[in-house]
Asker: 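Here's a structure for you.
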Amino acid sequence: MAIIPTDLLDRIRALERQVRELMGSANTTPAQNSIVGGEVVIGERGRLRVRTAGDQDLLYLGRVQPDRGEDTPQQGLVVRRDDGSLALTVWTGAPDTLPVQAVQILDRRGNVVVADDTVRGGLARPYIPFALPAPVDTARWESTGATEWTTLHRGPGLVQHPRLHCRIAAEGGAGGEVRLLVDGDQVGPVGGPGPGLVLTERMTADYGATVTFEIQARVTTPGTTIRCRPLTLYGLES
């Protein structure tokens, strides 16, 4: 048997080791949870779908239902909370009658609390009232000299926020009082001439309910008069 140089045997062993490493690398699946310097492209009516640990749909990005037509899919975004309730949508539920997709944010009960206007643009919800201009001449404000609570202003309102902010200007003799009622119940403290009434209180009515606001006033000293004028009334977050 011919003598094989030692250095040649070492080289053969090294080649065998390298071949084994290459074979192992070829059978190993590379990591697919990281993208560096690239992008993910989902086409051909595909979509990205994310599910919770409980196998519930959490997010759809791409094709969403319903389709716009037999051969026209609807592309959009649907995000749910992990309890299954809708949280954010960019889609239309009736592509045939309402083709423009609205951006909507929903609360846990399914109420649309924020949405854009799909016809002329801008804000669709929430409804935000403008402050009512008040007469400069305080003599033209509603007034009363009664010692019992008397309603001077009354009107409906749509509840869209969990809290209410109100400012009422008041003018008159010392001891006059003014207050705000919602569906017949007093909300917040009593105000009076000078500082008027400024309050921020929690609403007890449900979202979307129509309530009746009343501004009442009275005097504590017979023969005096109190005048008042609502300046602003709007909703606030929690």
Side-chain angles (χ1 to χ4, degrees), residues 1-128 160-163 202 206-208 235-238:
M1 181 176 179
I3 298 176
I4 301 175
T6 303
D7 60 338
L8 184 57
L9 289 175
D10 292 339
R11 294 177 64 184
I12 292 173
R13 294 190 187 97
L15 288 172
E16 289 177 343
R17 185 176 63 255
Q18 292 174 6
V19 169
R20 286 194 299 270
E21 291 175 353
L22 288 173
M23 293 180 63
S25 300
N27 294 326
T28 301
T29 302
Q32 298 180 356
N33 59 357
S34 178
I35 299 172
V36 179
E39 62 182 19
V40 174
V41 178
I42 301 176
E44 296 297 328
R45 305 185 181 188
R47 66 184 174 193
L48 174 65
R49 185 178 184 183
V50 180
R51 311 206 78 187
T52 66
D55 205 31
Q56 300 294 320
D57 290 329
L58 189 67
L59 179 146
Y60 282 112
L61 177 60
R63 187 174 184 178
V64 294
Q65 297 296 330
D67 288 335
R68 292 187 178 277
E70 184 176 352
D71 299 320
T72 307
Q74 180 182 180
Q75 302 293 114
L77 171 67
V78 176
V79 181
R80 295 182 180 273
R81 299 177 181 84
D82 59 5
D83 62 2
S85 62
L86 282 173
L88 171 66
T89 64
V90 183
W91 76 308
T92 173
D96 52 342
T97 58
L98 299 172
V100 179
Q101 292 179 325
V103 179
Q104 298 181 332
I105 299 177
L106 301 90
D107 66 10
R108 291 180 294 108
R109 298 181 179 180
N111 299 307
V112 178
V113 294
V114 178
D116 64 338
D117 191 279
T118 60
V119 178
R120 300 188 62 184
L123 190 64
R125 291 188 182 183
Y127 306 137
I128 302 177
Q160 300 181 90
H161 301 84
R163 290 197 302 164
R202 183 175 179 271
D206 293 332
Y207 174 86
L236 292 175
E237 73 282 1
S238 297

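All of these numbers come straight from a predicted model, not from anything done at the bench.
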Asker: What are the two closest non-hydrogen atoms of P73 and D71, and how far apart are they?
Answerer: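 Minimum heavy-atom contact is CD-O, 3.7 Å.
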Asker: So V90 and Q101, do their side chains get closer than 4.5 Å, heavy atoms only?
Answerer: yes
Asker: Mark yes or no for whether D117, through its side chain, and V119, through its backbone, hold a donor-acceptor pair below 3.5 Å.
Answerer: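 Judged by distance alone, yes, a pair lies under 3.5 Å.
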Asker: Quick one: are R125 and I105 in side-chain contact, heavy atoms under 4.5 Å?
Answerer: no
Asker: Keeping the roles fixed (side chain from Q104, backbone from A115), state whether a donor-acceptor pair exists under 3.5 Å.
Answerer: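 A pair under 3.5 Å: no.
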Asker: Going through the distances and angles, do R49 and D57 end up as a side chain to side chain contact (heavy atoms under 4.5 Å, CB included)?
Answerer: CA-CA 7 Å; R49 185 178 184 183; D57 290 329; 2.9 Å; yes
Asker: Does some side-chain heavy atom of R51 sit less than 4.5 Å from a side-chain heavy atom of L58?
Answerer: no
Asker: Is R63 close to Q75 at the side-chain level, that is, under 4.5 Å between some pair of heavy atoms?
Answerer: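 Q75 vs R63: side chains touch.
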Asker: Quick check for you: to the nearest 0.5 Å, what is the distance between R20 atom CZ and L15 atom CG?
Answerer: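 If I round to the nearest 0.5 Å, the distance is 11.0 Å.
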Asker: Is P162 close to Y207 at the side-chain level, that is, under 4.5 Å between some pair of heavy atoms?
Answerer: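 They are not in side-chain contact.
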Asker: Any heavy-atom pair between the side chains of V40 and I35 that's under 4.5 Å?
Answerer: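 Of all side-chain heavy-atom pairs linking V40 with I35, at least one is under 4.5 Å.
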Asker: Quick check for you: to the nearest 0.5 Å, what is the distance between I42 atom CD1 and L48 atom CG?
Answerer: 5.0 Å
Asker: How far apart are the closest heavy atoms of G93 and P66, and which atoms are they?
Answerer: O-CG, 3.7 Å
Asker: Given T118 and L98, is the side chain to side chain contact (heavy atoms under 4.5 Å, CB included) satisfied, shown in steps?
Answerer: CA-CA 9 Å; T118 60; L98 299 172; 5.8 Å; no
Asker: Any side-chain heavy atom of R47 within less than 4.5 Å of one from V64?
Answerer: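 They are not in contact (no side-chain heavy atoms under 4.5 Å apart), so the answer is no.
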Asker: If you apply the rule side chain to side chain contact (heavy atoms under 4.5 Å, CB included), what do you find for R68 with T92, and how did you get there?
Answerer: CA-CA 9 Å; R68 292 187 178 277; T92 173; 4.3 Å; yes
Asker: So, taking the atom named CD in Q65 and the one named CD in Q74, what distance separates them when rounded to the nearest 0.5 Å?
Answerer: 8.5 Å
Asker: CZ of R202 to CG of L236: how many Å apart, nearest 0.5 Å?
Answerer: 14.0 Å
Asker: Which distance, rounded to the nearest 0.5 Å, do you find between the CZ of R81 and the CG of L106?
Answerer: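 If I round to the nearest 0.5 Å, the distance is 7.5 Å.
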Asker: Using only atom types and a distance under 3.5 Å, with no angle test, would you say the side chain of Q160 pairs donor to acceptor with the backbone of G235?
Answerer: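 Flag not set: sc Q160 to bb G235 has no pair under 3.5 Å.
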Asker: Determine whether a donor-acceptor pair (N or O, by modelled atom type, separation under 3.5 Å) exists between the side chain of T89 and the backbone of W91.
Answerer: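 Not a single qualifying donor-acceptor pair exists.
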